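Inspection log for the structure reproduced underneath, given as structure tokens.
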Amino acid sequence: MVDQELNDQMQVRRDKLGHWRSEGHAYPNGFRRDALADDLQQRYGDMDTTVLEQEPIEARLGGRLMSRRVMGKASFADIQDQSGRIQLFVSRDNLGEEVYARFKGLDFGDIIGVEGLLFRTKTGELSVKVHSLQLLSKALRPLPEKWHGLADPETRFRQRYVDLIVTEATRRTFQIRAETVAALRDGLRQRGFYEAETPMMQPVPGGATARPFVTHHHALDMTLYLRIAPELYLKRLVVGGIEQVFEINRNFRNEGISPRHNPEFTMLEWYEAYADHVRAMDLTETLIRAAAQAALGTTAINYQGLEIDLGKPFHRLTVMESVRAHNPDLADADLRNPAVLAAKLAQLHLPCQPAWGWGKRLIEIFEKTVEGHLQQPTFITEYPLEVSPLARRNDLDPEVTDRFELMIAGRELANGFSELNDPEDQAARFRAQVEAKDAGDEEAMCFDADYIRALEYGMPPTAGVGLGIDRLVMLLADQPSIREVILFPHLRPEQS
RNA sequence: GGGGAUGUAGCUCAGUCGGUAGAGCAGCGGCCUUUUAAGCCGUGGGUCGCGGGUUCGAUUCCCGCCGUCCCCA
């Protein structure tokens with residue numbers, strides 16, 4: 001809740017701010033730092049004590065006061081900046097009576113600027129012997145307790161700024177996220193891919209099967225949809241001759257919220273002309289491996305107790321092979337028999353609609369009986385045509401597509417395929433989707449006439465992949481919930 | 001949408017078989033010049049998520065609502 005009234009601690013801090021203001025120099029902006037806490041630890045942490053004494057290092061640091069141990073006329077304190085923490089030694093003898101008293105009047109969370117000389121304490125800890133100290137910004141609200149930190153998940157998500165101040169693990173998670181995204185971007189750029197930004201607001205939402213968010217443009221008086229995927233725009237770029245292209249950006253899907261779903265989430269999609277789904281799988285594997293190495297320094301990870309070595313080759317098997325493996329009661333011939341599949345769905349207490357072909361029925365069975373069991377990295381291939389309206393038909397088996405999904409830890413991490421570049425086939429697939437939509441399938445795709453027009457100019461043979469960034473970061477940062485890897489996850493509004 | 005858990009001081013948590021609540025840290029006052037969850041002495045702080053009901057009396061029991069977490073659809 002957004003507290004309107006001041007508790008005793010906030011009142012005390014507010015009063016201190018009043019004093020500071022009355023002195024006429026509150027919130028100064030003249031202090032400049034020349035060092036970061038962790039850089040000093042890295043550079044001088046192991047330096048010989050006598051060397052530090054003979055050639056003292058002067059440092060100017062800015063940071064937040066996180067803890068303090070006052071022993072009369074001398075004190076130790078810890079300040080935290082973006083890089084980490086360092087201990088300060090603050091004494092009346094070094095600062096003078098007035099400034100030392102001022103230091104003792106500081107509160108946890110206050111942001112201060114200090115100057116001092118590096119030295120080592122009796123216990124060997126690298127510290128700054130402060131000879132100059134000033135308050136730069138006042139923390140008017142008290143921080144959570146230093147030992148247990150912030151435990152309430154609601155506060156951690158609503159007030160992520162507080163979580164970031166006091167929770168080292170949170171800072172670590174978002175560092176992993178930043179390194180992961182950077183590694184993926186670098187990997188693609190090094191291979192000659194261009195980064196593009198395509199529309200977030202689309203007149204026809206496409207590229208995936210999902211309910212979109214709807215909005216309205218007043219000046220044009222038209223309905224627009226927040227994108228559910230960038231796919232159809234990126235492929236327009238391939239038509240336009242940007243033959244290797246990628247985008248890392250947000251998608252929006254108007255669906256439920258869960259530990260694995262946020263209404264807005266981040267997706268990497270890339271497209272490569274003159275490539276097929278096999279090459280796309282290889283590149284997916286390579287990029288994920290490199291991201292793990294960059295973010296964690298290793299490809300051997302532990303996800304919620306599960307050991308996964310992303311350095312080993314990922315498994316590859318077809319949808320039908322995997323369904324057979326987990327459902328020994330089904331024979332090969334059963335997998336395309338709608339009646340048998342309907343019986344199986346009933347046995348699994350899953351709904352089945354008459355309009356569904358074998359492909360949709362098979363995928364429902366796959367999701368229920370196989371997906372959660374695929375713990376080690378596994379590419380599942382040969383998705384049915386019926387559930388793959390943008391993927392190219394397989395040359396040998398026209399009822400399946402040259403498509404794959406990557407499963408790790410029982411979750412879909414990536415989805416890719418050789419792209420359907422035959423405009424007549426694509427138009428027919430769109431028509432089938434529109435029929436499904438008219439029959440009541442809210443998630444079915446719309447007919448995108450401009451996309452067909454683009455394909456009619458000719459799209460080279462192309463492979464494309466979408467990779468869920470949030471889920472990859474969950475995996476690498478060992479986090480069980482998507483909310484832990486999104487800085488500001490969606491929550492219901494606070495009561496005022 | 002259904003089920004389960006949860007909401008108490010700034011934070012982390014106890015507790016009240018119904019008689020308006022405690023601890024630690026943080027705060028405030030004092031002592032303390034090598035601490036690191038510093039220590040010692042003293043001390044203030046609560047709409048017990050919100051709204052109804054039952055009751056002499058509700059933070060506690062009942063109903064509804066809201067938030068959060070988990071599971072299922």
Side-chain angles (χ1 to χ4, degrees), chain A residues 1-16 19 37 41 49 53 64-80 84-97 100-101 103-110 116 118-131 138-163 165-168 255-262 304 345 348-352 364 367-368 372 479-484 489-496:
Chain A
M1 256 148 279
V2 182
D3 13 335
Q4 297 296 336
E5 294 184 7
L6 303 182
N7 64 47
D8 57 337
Q9 300 199 44
M10 288 170 65
Q11 188 58 56
V12 166
R13 288 168 184 243
R14 194 75 60 168
D15 292 345
K16 288 176 180 174
H19 270 101
Q41 305 277 16
T49 304
E53 283 167 1
R64 197 181 284 277
L65 182 67
M66 298 304 289
S67 69
R68 180 168 52 181
R69 297 164 290 285
V70 177
M71 302 150 300
K73 298 177 184 64
S75 304
F76 288 97
D78 298 294
I79 57 165
Q80 173 174 293
R85 289 190 183 195
I86 194 163
Q87 179 170 261
L88 307 179
F89 178 74
V90 186
S91 73
R92 186 199 59 179
D93 293 350
N94 289 322
L95 279 179
E97 196 86 55
Y100 186 68
F103 163 78
K104 288 204 284 186
L106 294 175
D107 292 297
F108 292 142
D110 285 353
L118 293 185
F119 78 111
R120 209 177 294 283
T121 64
K122 210 163 70 175
T123 60
E125 181 170 350
L126 186 70
S127 306
V128 180
K129 189 169 290 180
V130 174
H131 55 68
K138 186 74 192 158
L140 292 173
R141 292 172 181 264
L143 290 179
E145 191 220 348
K146 61 190 166 190
W147 188 241
H148 298 93
L150 189 55
D152 176 19
E154 183 174 356
T155 311
R156 290 188 48 237
F157 300 147
R158 281 199 201 284
Q159 296 182 252
R160 184 66 97 180
Y161 37 91
V162 178
D163 186 35
I165 291 169
V166 300
T167 315
E168 162 81 38
E255 294 167 353
I257 297 174
S258 83
R260 284 162 297 285
H261 298 87
N262 197 61
Q304 304 291 294
L345 284 166
L348 293 167
H349 305 292
L350 290 174
C352 181
E364 293 289 315
E367 288 178 359
K368 177 77 171 185
Q479 293 296 335
S481 168
I482 196 170
R483 287 182 282 261
E484 295 289 348
H490 185 80
L491 298 176
R492 285 187 173 82
E494 279 180 280
Q495 272 191 305
S496 53

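The model shown is predicted, which means the values in this text are computed figures rather than measured ones. In what follows, chains carry the letters A, B, and so on, assigned in the order in which the sequence lines appear, proteins first and then strands, with residues in each chain numbered from 1.
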Whole-angstrom distance between [N] and [M], as gauged at atom [atom1]:
N: B/C66; M: B/G52; atom1: C1'; answer: 15 Å
N: B/U55; M: B/G19; atom1: C1'; answer: 12 Å
N: B/A9; M: B/C40; atom1: C1'; answer: 24 Å
N: B/G24; M: B/G64; atom1: P; answer: 39 Å

Task: Pair A/D15-A/Q11, side chain to side chain donor-acceptor pair (under 3.5 Å): steps then yes or no - done: CA-CA 6 Å; A/D15 292 345; A/Q11 188 58 56; 3.0 Å; yes
Is the base of [N] touched by the side chain of [X] through a donor-acceptor pair closer than 3.5 angstrom?
X: A/D152; N: B/U12; value: no
X: A/E145; N: B/A26; value: no
X: A/S127; N: B/U34; value: no
X: A/E125; N: B/U36; value: yes

Taking only the side-chain heavy atoms of [X] (C-beta and beyond), determine which of [options] contains the nearest atom.
X: A/K146; options: B/A26, B/U36, B/U35; result: B/A26
X: A/A74; options: B/U68, B/U33, B/A37; result: B/U33
X: A/Q87; options: B/U35, B/C28, B/G10; result: B/U35
X: A/M71; options: B/U36, B/U34, B/G27; result: B/U34

- [ ] Give one of base, sugar-phosphate or nothing for A/V166, where a contact means two heavy atoms less than 4.0 Å apart.
- [x] nothing
- [ ] Check every strand shown and say whether A/L143 touches a base, only sugar-phosphate, or nothing at a heavy-atom separation below 4.0 Å.
- [x] nothing
TODO: Run the salt-bridge test on A/K129 and A/D93 with the 4.0 Å N-O cut-off and return the result as yes or no.
DONE: no
Side chain [X], main chain [Y], donor-acceptor under 3.5 Å:
X: A/T123; Y: A/T121; value: no
X: A/D110; Y: A/A139; value: yes
X: A/E53; Y: A/R120; value: no

Task: Atom-pair distance (CG on A/N7; C1' on B/A26), nearest Å - done: 11 Å
